[in-house]
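To keep things clear, I will list the structure first and then write my remarks on it.
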Amino acid sequence: MFDRMDRMSSLLNREISSILQEDVDDPWVKNITITEVEVTKDMSLAKVYYVCFSELEKEVVQEG
């Protein structure tokens, strides 16, 4: 079961990163890095963790 959750987390991480870099026009959002994705056992929810390059950008990025 954990292999499936790990694969899903990895896939979501790659896809979200790709979407943010290629499809989102907001320049503030392009300056973040997805660090981890946690998926629930039933795969109905995911938590996405990210980092900003600057603390000043944190609030702007969260809005984006």
Side-chain angles (χ1 to χ4, degrees):
M1 182 64 123
F2 291 109
D3 279 344
R4 187 173 181 206
M5 288 171 42
D6 290 340
R7 285 193 312 262
M8 183 59 73
S9 294
S10 178
L11 177 65
L12 284 171
N13 189 328
R14 283 192 309 258
E15 288 299 314
I16 293 169
S17 296
S18 174
I19 290 168
L20 290 175
Q21 295 300 315
E22 296 171 7
D23 298 335
V24 176
D25 292 331
D26 188 346
W28 292 104
V29 175
K30 288 185 181 279
N31 289 330
I32 68 170
T33 300
I34 304 299
T35 57
E36 184 178 359
V37 177
E38 290 181 359
V39 178
T40 58
K41 289 182 182 179
D42 65 356
M43 296 189 196
S44 63
L45 296 172
K47 287 185 182 180
V48 179
Y49 297 91
Y50 63 91
V51 293
C52 301
F53 294 118
S54 167
E55 284 296 317
L56 299 174
E57 297 175 355
K58 189 173 184 178
E59 290 180 18
V60 177
V61 168
Q62 286 178 344
E63 289 176 18

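Along the sequence shown, residues are numbered consecutively beginning with 1. The basis for the numbers below is simple: all heavy atoms, side chains too, and nothing from hydrogens, waters or symmetry mates.
Atom CE of Met43 and atom OG of Ser9 lie 8.0 Å apart (nearest 0.5 Å). The CD atom of Glu38 sits 11.0 Å away from atom CG of Asp6, with the distance rounded to the nearest 0.5 Å. The distance from the CG atom of Asp42 to the CE atom of Met5 is 9.5 Å, given to the nearest 0.5 Å. Atom CD of Glu15 is separated from atom CD1 of Ile34 by 12.0 Å, given to the nearest 0.5 angstrom.
Minimum heavy-atom separation, Tyr50 to Thr35: N-OG1, 3.8 Å. Across all their heavy atoms, Gln21 and Ile32 have their closest contact at NE2-O, 3.9 Å.
Follow the hydrophobic side-chain contacts under 4.5 Å out from Val48 and you reach Val39 in the same cluster. When the side chains of ILVMFWY residues are joined at heavy-atom separations under 4.5 Å, either directly or via intervening members, Val51 and Leu20 end up in two distinct hydrophobic clusters.
In the model, Arg14 has no side-chain atom that pairs as donor or acceptor with a side-chain atom of Ser18 under 3.5 Å.
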